[in-house]
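As a basis for the values below, the full set of heavy atoms in this structure was taken, side chains included, without hydrogen atoms, waters or symmetry mates. Quick note: residue numbers are just sequence positions, from 1.
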Amino acid sequence: MNRLFYIILCILISTGMATAQSSEDNQGITMKGKPVTLLGTKAYIGEMAPDFTGIDSNMKEVKLSDFKGKVVVLSVFPSVDTKVCAAQTRRFNEEASGLGKDVVVLTLSKDLPFALERFCAAEGIDRIYTLSDYRESEFGMNYGFLIKENKLLARGVVVIGKDGKITYVQYVKDISQEPDYKATIAAVKKAK
């Protein structure tokens, strides 16, 4: 029944008959200067982080709640097969080693798990978890990162404290640009 609901919701959203976005909250996000529409519920600082399920490189379901009690960094991007997304993944992999054992970095995209695994193996990415949101777009809808025009995820970062509350949110204004790493790392240190 739940799967049927998601299918119907996706059809309604894609045909414009329903929308789960707040148009005022999602204005100003562009892809190479062209405005895009973000679907879903925007994340706000101070709110409890909605749980979601992503698919790891072994095709196993991984939930945000699996990392309860840790500071979680959600590094979000459209596709690891682009220069900016690859750079973002490499950078967070480097940063992860200095953040401590009580911090976990999850990367999220709509890439298939096999593509994420291939990239990580080729690049030596071994300090972060890569998760795919390709099945249900659950993360994209729960955090307001799903791009209506191409069904990819927008670029951004969300930091979640050990108490499960969102402590930092960054929706990158132009998806072709990298996120603010310095602000993200400062937010992670503050959340520890």
Do [X] and [Y] sit in one hydrophobic cluster, given that two such residues count as connected whenever their side-chain heavy atoms are within less than 4.5 Å of each other, even indirectly?
X	Y	result
Val36	Phe139	yes
Leu39	Met31	yes
Leu153	Ile55	no

Inset, instruction - List, by chain and then residue number, the residues other than Ile185 in its hydrophobic cluster (Ile/Leu/Val/Met/Phe/Trp/Tyr, side-chain heavy atoms under 4.5 Å); write none if there are no others. - result: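 Its cluster mates, by chain and number, are Val71, Val73, Phe77, Val80, Phe92, Leu99, Val103, Val105, Leu116, Phe119, Ile125, Ile128, Val157, Val159, Tyr168, Tyr181, Val188.
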Do the non-hydrogen side-chain atoms of [X] and [Y] ever get within less than 4.5 Å of each other?
X	Y	value
Tyr129	Asp56	no
Gln170	Val172	yes
Lys165	Ile160	no
Val62	Phe67	yes

Please check: side-chain N/O of [X] versus main-chain N/O of [Y], any donor-acceptor pairing under 3.5 Å?
X	Y	result
Glu138	Thr53	yes
Asn142	Gly40	no
Tyr171	Ala43	yes
Arg155	Pro179	no
Glu149	Thr37	yes
Asp133	Lys110	no

Legend entry - side-chain contact (heavy atoms from CB on, under 4.5 Å) between Lys151 and Ser137, worked out: CA-CA 8 Å; Lys151 302 300 184 265; Ser137 300; over 6 Å; no
Legend entry - Test salt bridge (Lys or Arg N to Asp or Glu O under 4.0 Å) applied to Asp102 and Lys189, Lys70, Lys162, Lys68, the passing residue: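 Output: one option passes, namely Lys162.
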Inset, instruction - For the residue pair Phe52 and Tyr143, categorise the inter-ring angle as parallel (less than 30°), tilted (30 to 60°) or perpendicular (more than 60°). - result: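 The rings of Phe52 and Tyr143 stand perpendicular, inter-plane angle above 60°.
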Inset, instruction - Could you pull out all residues at least two apart from Asp111 that satisfy side-chain hydrogen bond (donor to acceptor under 3.5 Å, both in side chains)? - result: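 Asp111: side-chain hydrogen bond (donor to acceptor under 3.5 Å, both in side chains) contacts with Ser79, Ser109.
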